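Scroll down for the structure; my scribbles are underneath it.
Since we're looking at a predicted model, the values are computed, not measured. The first residue in the sequence is number 1, and the count goes up from there.
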Amino acid sequence: MRRLALLLGVAWLLALTGNRSLVVVRGPSMLPRLWPGDRLLTVPAVGPVRAGAVVVVRDPGEPDHLVVKRVAAVTGAGIDVRGDNPAASTDSRTWGPLPRSAVRRRALRRWPDLRSPLT
């Protein structure tokens, strides 16, 4: 049983790290932490999402459009996402809470990491 759990854990990590991709930040909604043109190394959003995490979500108004936001809160109704620059961000203040399934990817770090961390 212990060996099976270890193998499943290793398989999960390989799947998670094997499906990395770069996402480019567009627009000023995440300033000052993330600038337009920044590239984020992302992985699929597997498991619970925590407040403070930078995520890629589907825009509820344009389902084909993905946006980068920070998780402000996790509630029973879903997740509340916000841009770091409220004056230039359309987010849960407009959309309301999003279902957890709206989170497509989780950002690990800026790539290449030229400035401060994401948090």
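- Residues Ala102 and Leu98 share a closest heavy-atom pair of CB-CB, 4.0 Å.
- More than 12 heavy atoms of other residues, nucleotides or ligands lie within 6.0 Å of CH2 in Trp95, so this atom counts as buried by the packing criterion.
- Proximity of Leu22 to Leu41: side-chain heavy atoms (C-beta onward) are separated by under 4.5 Å at one or more points.
- Arg82 is linked by a side-chain hydrogen bond (donor to acceptor under 3.5 Å, both in side chains) to Asp80, counting only residues two or more places apart in sequence or in another chain.
- Within the structure, the salt bridge (Lys or Arg N to Asp or Glu O under 4.0 Å) test picks out the following pairs touching residues 88-99 (sequence neighbours left out): Asp91-Arg93.
- Within the 4.5 Å cutoff, side-chain heavy atoms of Leu108 are placed close to those of Val43.
- Counted by atom type alone, Lys69 and Ser92 present zero donor-acceptor pairs between their side chains at under 3.5 Å.
- Between the side chain of Arg106 and the backbone N or O of Ala45 there is no donor-acceptor pair closer than 3.5 Å.
- A heavy-atom distance below 4.5 Å is found between the side chains of Leu40 and Val25.
- With sequence neighbours excluded, no residue satisfies salt bridge (charged side-chain N to carboxylate O under 4.0 Å, His left out) with Arg58.
- Across every non-hydrogen atom of Ile79 and Pro99, the tightest pair is CG1-O, 4.3 Å.
- The closest donor-acceptor contact from the side chain of Asn85 to the backbone of Met30 lies at 3.5 Å or more, if one exists at all.
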